[in-house]
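Data block below; observations after.
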Amino acid sequence: MVGEDILRIAGEVVESRLWLGTSRYPSPEVMVEALQRGRAGIVTVSVRRLNLQAPADTFLELLLGRFRLLPNTAGCYTAEEAIFLAELSREALQTHWIKLEVIGDEVTLWPDSEQLLLAARELIKRGFTVLAYAPDDPIICQRLADIGCAAVMPLAAPIGSGQGIRDPEKLLLIRQRLAGVPLVIDAGIGSPSDAALAMELGYDAVLLNTAVAEAQNPPLMAEAMHMAIEAGRKAYLAGRIPRISYARPSSPMEGLPF
């Protein structure tokens with residue numbers, strides 16, 4: 001039943017299937033209002049952007065104790081860099097959860113699969129709960145799951161592009177191959193309809209940032225995203241009708257007087 005539908009990552013309950021980032025907002029106050037209106041289950045923070053020794057010098061003090069924070073390794077180009085930032089965040093924020101990002105270049109921000117797998121293996125050995133930002137590649141996603149990532153997070157489109165879900169068939173294939181593995185759509189979402197489609201494909205959550213932070217009204221957009229994700233999840237659980245290539249009357253034809 002829908003009422004019993006609970007999201008668990010690494011055995012822990014995550015209260016909401018909308019996860020939000022913390023960059024590009026017009027102000028820290030707008031950011032916090034958007035996170036609240038969207039009922040963000042997880043809030044990601046870039047370790048590179050924070051002064052972990054002095055939270056009062058950054059927006060971190062606005063988040064601590066109010067939201068479930070997930071530090072990420074955004075901006076890393078090698079496994080070595082990502083591992084260093086993960087260890088730094090674990091010590092400063094007292095969490096073994098990490099969103100692992102290792103990108104190949106600064107133009108596409110596309111995940112570097114080789115470095116990503118290297119970093120994921122090492123971090124899991126060190127006791128981290130790894131949520132891995134990945135390309136929409138079924139093989140790479142399978143390998144991340146096989147080595148023990150707590151969640152695999154394939155992109156829908158390039159980061160910040162707002163293109164929406166460019167290849168739903170590939171994302172559906174990943175969902176089918178990784179049955180039982182928590183999957184989160186990460187990057188490329190542009191509108192609530194994109195988020196709803198992600199959930200209809202069977203994904204467990206959606207992580208987005210730019211679509212809310214750069215909206216004309218970020219708090220209102222965050223609320224819209226939350227509602228769309230709830231609707232998409234319920235639609236997935238309800239089970240849509242199959243697509244057919246011909247018309248089918250809504251009313252039965254039997255018993256008509258002519």
(request) Taking the side chain as every heavy atom from C-beta outward, state whether Met225 and Ile189 have any atom pair closer than 4.5 Å. (result) yes

(message) If you compare all heavy atoms of Pro71 against all heavy atoms of Leu69, which two are closest, and at what distance to 0.1 Å?
(response) CD-O, 3.8 Å

(request) State the OG-CE distance between Ser23 and Met31, to the nearest 0.5 angstrom. (result) 10.0 Å

(message) Is there a side-chain contact between Arg177 and Ile139 in this structure, where contact means two heavy atoms from C-beta onward sitting under 4.5 Å apart?
(response) yes

(message) Are there over 12 heavy-atom neighbours, none belonging to Arg143, within less than 6.0 Å of that residue's CZ?
(response) no

(message) I need the Glu87 CD to Ile98 CD1 distance, nearest 0.5 Å.
(response) 9.5 Å

(message) Give me the atom names and distance for the closest heavy-atom approach of Met199 to Tyr236.
(response) O-CB, 3.4 Å

(message) When you compare the side chain of Tyr133 with that of Asn72, does any pair of heavy atoms fall below 4.5 Å?
(response) no

(message) Are the side chains of Leu197 and Tyr203 in contact, using a 4.5 Å heavy-atom criterion?
(response) no

(request) Please examine the side chains of Val47 and Leu93, heavy atoms only from C-beta on, and report whether any two atoms are closer than 4.5 Å. (result) no

(request) Test Cys149 against every option in Leu131, Leu123, Ile124 by the side-chain contact (heavy atoms from CB on, under 4.5 Å) rule and name the one that passes. (result) Ile124

(message) Let me check something: do Leu208 and Val43 share a hydrophobic cluster, defined by ILVMFWY side-chain heavy atoms less than 4.5 Å apart, either directly or through other members?
(response) yes

(request) Would you indicate whether the side-chain heavy atoms of Glu169 and Asp167 approach each other to under 4.5 Å? (result) yes

(message) Measuring only between side-chain heavy atoms, which start at C-beta, is Val14 closer than 4.5 Å to Trp19?
(response) yes

(request) Report the C-alpha distance between Leu144 and Leu117 in whole Å, list the side-chain angles of each, state the deciding distance to 0.1 Å, and finish with yes or no for side chain to side chain contact (heavy atoms under 4.5 Å, CB included). (result) CA-CA 7 Å; Leu144 288 167; Leu117 289 166; 3.6 Å; yes

(request) Run the numbers on Asp204 and Arg8 for salt bridge (charged side-chain N to carboxylate O under 4.0 Å, His left out), then give the verdict. (result) CA-CA 9 Å; Asp204 297 288; Arg8 286 188 174 87; over 6 Å; no

(request) Please check if the side chain of Arg175 supplies one atom and the backbone of Leu178 the other of a donor-acceptor pair under 3.5 Å. (result) yes

(request) Mind checking the NE2-CZ spacing from His96 to Arg126? Nearest 0.5 Å is all I need. (result) 16.0 Å

(request) Flag yes if more than 12 heavy atoms outside Gln36 fall under 6.0 Å of its CD atom; otherwise flag no. (result) yes

(message) Measuring from atom CG of Leu116 to atom CZ of Arg121, what distance do you get when rounded to the nearest 0.5 angstrom?
(response) 9.5 Å

(message) Using a 6.0 Å cut-off, check whether atom OH of Tyr77 has over 12 heavy atoms from anything other than its own residue.
(response) yes

(request) Measure the CD-OG1 distance between Glu101 and Thr44 for me, rounded to the nearest 0.5 Å. (result) 8.0 Å

(message) Test your reading of the model: is there a side-chain donor-acceptor pair from Ser16 to the backbone of Arg39, 3.5 Å cut-off?
(response) yes

(message) Under 4.0 Å between a side-chain nitrogen and a carboxylate oxygen: does that hold for Asp186 and Lys99?
(response) yes

(message) Is it the case that the side chain of Glu200 and the backbone of Gly232 share a donor-acceptor pair, with hydrogens and angles ignored and the cut-off at 3.5 Å?
(response) no

(message) Is it the case that over 12 heavy atoms from other parts of the model lie below 6.0 angstrom from the CD atom of Glu114?
(response) no

(message) Looking at every non-hydrogen atom in both residues, tell me the closest pair between Pro158 and Thr108 and how far apart they are.
(response) CB-O, 4.3 Å

(request) Provide the closest heavy-atom pair for Leu18 versus Gly38 in the form atom of the first, atom of the second, distance. (result) CD2-O, 3.4 Å

(message) Just so I know, are the side chains of Thr129 and Glu12 near enough to count as touching, which here means a heavy-atom distance under 4.5 Å?
(response) no

(message) Minimum heavy-atom separation for Pro218 and Pro26, please, with both atom names.
(response) CG-CD, 4.3 Å

(request) Measure across Ile185 and Ala198 and return the closest heavy-atom pair with its distance rounded to 0.1 Å. (result) CG1-CB, 3.7 Å

